[in-house]
Amino acid sequence: MNAKVRLYVDQPLGAAQPVALTREQAHYLFGVMRMTVGDAVALFNGTDGEWQSEVVEAGKRRGVLVCRAQSKPQSMPPDLWLLFAPIKKARTDFIVEKAVEMGVRRIVPVQTAFTNSERIRQDRLQAHAIEAAEQCGGVFVPEVAELTKLDRLLDRWEPDRRIAYCDEALAGETGRLHDDPGPWAVLIGPEGGFSDDERTRLRAMDYATPISLGPRILRADTAAVAALTLWQTTLGDWA
Ligand code: SAH
């Protein structure tokens, strides 16, 4: 029996393991999706793979599922982070959703000189990441970090993680991703682009590679999907 609904739960999963639902999850399964005792739900928690479970108690505000069999082993996306400058709300949500679908380990909103927004709702973005993982069949949910200043992030950067720095100044020029294996991050700037100081600093870093995303200037959300596609086809798990 294959479940129609996939749910992320923050609890251990394993053979015969009961899983108590939160109020919101019970409302979703039994109020919105009209599920009842005996129905199947696929569960994942980011560490124990995917489990087929069965509803054993269905209330308005509570419910219990029991894990029956593992349907997918745990797997992780490649060690790729997405660093991006948050833009307008809907487009930022889009970037987080697409990053999860494309397969990243961590999502890091960065504040650059020309970043449009000074605040993000980390909890909302994390909830979007969970929904995207539920929808795309993933068993891993990347952490969405708090907004960090780009300068501070670079100050304490671990040099073994390379940065594919998407530089709009290279539009139409060559700037290719090289195929060094190992941990990477993709960096996407805001609508206003990078400042001269940021460009100078990034270009001087050994572990940052300036890359071009073709002859046209892409919007930040398009650029994020394009860069992750490029990385996944060159170095990632699309091969
Ligand atoms: N306002 C800027 C464009 C910013 S686009 C200008 O007109 O020049 C937003 C971000 O998307 C950029 O900071 C960069 O990271 C990425 N980007 C967009 N088009 C790109 C391209 N052709 N090559 C590399 N990066 C690009």
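Note that the numbering runs from 1 along the sequence shown for the chain. Remember, it's 1-based here, ligands and their atoms both numbered in the order they're listed.
Side-chain atoms of Ser212 and Glu173 include no donor-acceptor pair closer than 3.5 Å. Under 3.5 Å, the side chains of Ser195 and Asp197 contain no donor-acceptor pair of N or O atoms.
Residue-to-ligand polar distances keep Ile217 apart from ligand 1: every N/O pair is separated by 3.5 Å or more. Taking only nitrogen or oxygen atoms, main chain and side chain alike, Arg216 reaches within less than 3.5 Å of ligand 1.
Of all protein heavy atoms, the one closest to atom 17 (N) of ligand 1 is Ala223 CB, 3.8 Å. Protein heavy atom at the shortest distance from atom 5 (S) of ligand 1 is Leu218 O, 3.2 Å. In terms of protein heavy-atom proximity, atom 10 (C) of ligand 1 is closest to Gly189 O, 3.4 Å. For atom 12 (C) of ligand 1, the closest heavy atom belonging to the protein is Glu168 OE1, 3.0 Å. For atom 23 (N) of ligand 1, the nearest non-hydrogen atom of the protein is Leu213 N, 2.8 Å.
Within the listing of ligand 1, atoms 22 (N) sit less than 4.0 angstrom from a heavy atom of Ala171. Residue contact check: Gly214 has heavy atoms under 4.0 Å from atoms 22 (N) of ligand 1. Numbered from 1 in the order shown, with element, the atoms of ligand 1 that lie under 4.0 Å from a heavy atom of Phe194 read 13 (O), 15 (O). Within ligand 1, counting atoms from 1 as listed, the ones closer than 4.0 Å to a heavy atom of Gly192 are 1 (N). Heavy-atom proximity to Asp167, at under 4.0 Å, picks out these atoms of ligand 1: 23 (N), 24 (C), 25 (N).
Both tests hold for Arg161 against Trp81: distance to the six-membered ring centre under 6.0 Å, angle to the ring axis within 45°.
Within a 6.0 Å sphere centred on CG of Asp160, heavy atoms belonging to other residues, nucleotides or ligands number more than 12.
Taking the six-membered ring where the residue is Trp, Phe194 and Tyr165 present perpendicular rings, their angle passing 60° and hence far from 30°.
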- Item | Intermediate values then yes/no, salt bridge (charged side-chain N to carboxylate O under 4.0 Å, His left out), Asp93 and Arg124 | CA-CA 9 Å; Asp93 292 351; Arg124 268 196 54 245; 2.7 Å; yes

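Shortest non-hydrogen contact noted between Ala133 and Val141 is CB-CG2, 3.9 Å. Minimum heavy-atom separation, Ile211 to Ala164: CD1-CB, 4.1 Å.
Residue contact check for ligand 1: Leu170 places no non-hydrogen atom closer than 4.0 Å to it. Residue contact check for ligand 1: Ile211 places a non-hydrogen atom closer than 4.0 Å to it.
With distances taken over non-hydrogen atoms, the option nearest atom 9 (C) of ligand 1 out of Pro190, Cys166, Gly193 is Pro190. Counting heavy atoms only, Glu191 comes closest to atom 2 (C) of ligand 1 of the residues Glu191, Arg199, Glu173.
Note that CD of Glu143 and CD of Gln126 are 7.0 Å apart. Values are rounded to the nearest 0.5 Å.
Not a single donor-acceptor pair under 3.5 Å links the side chain of Asp221 to the backbone N or O of Ile95.
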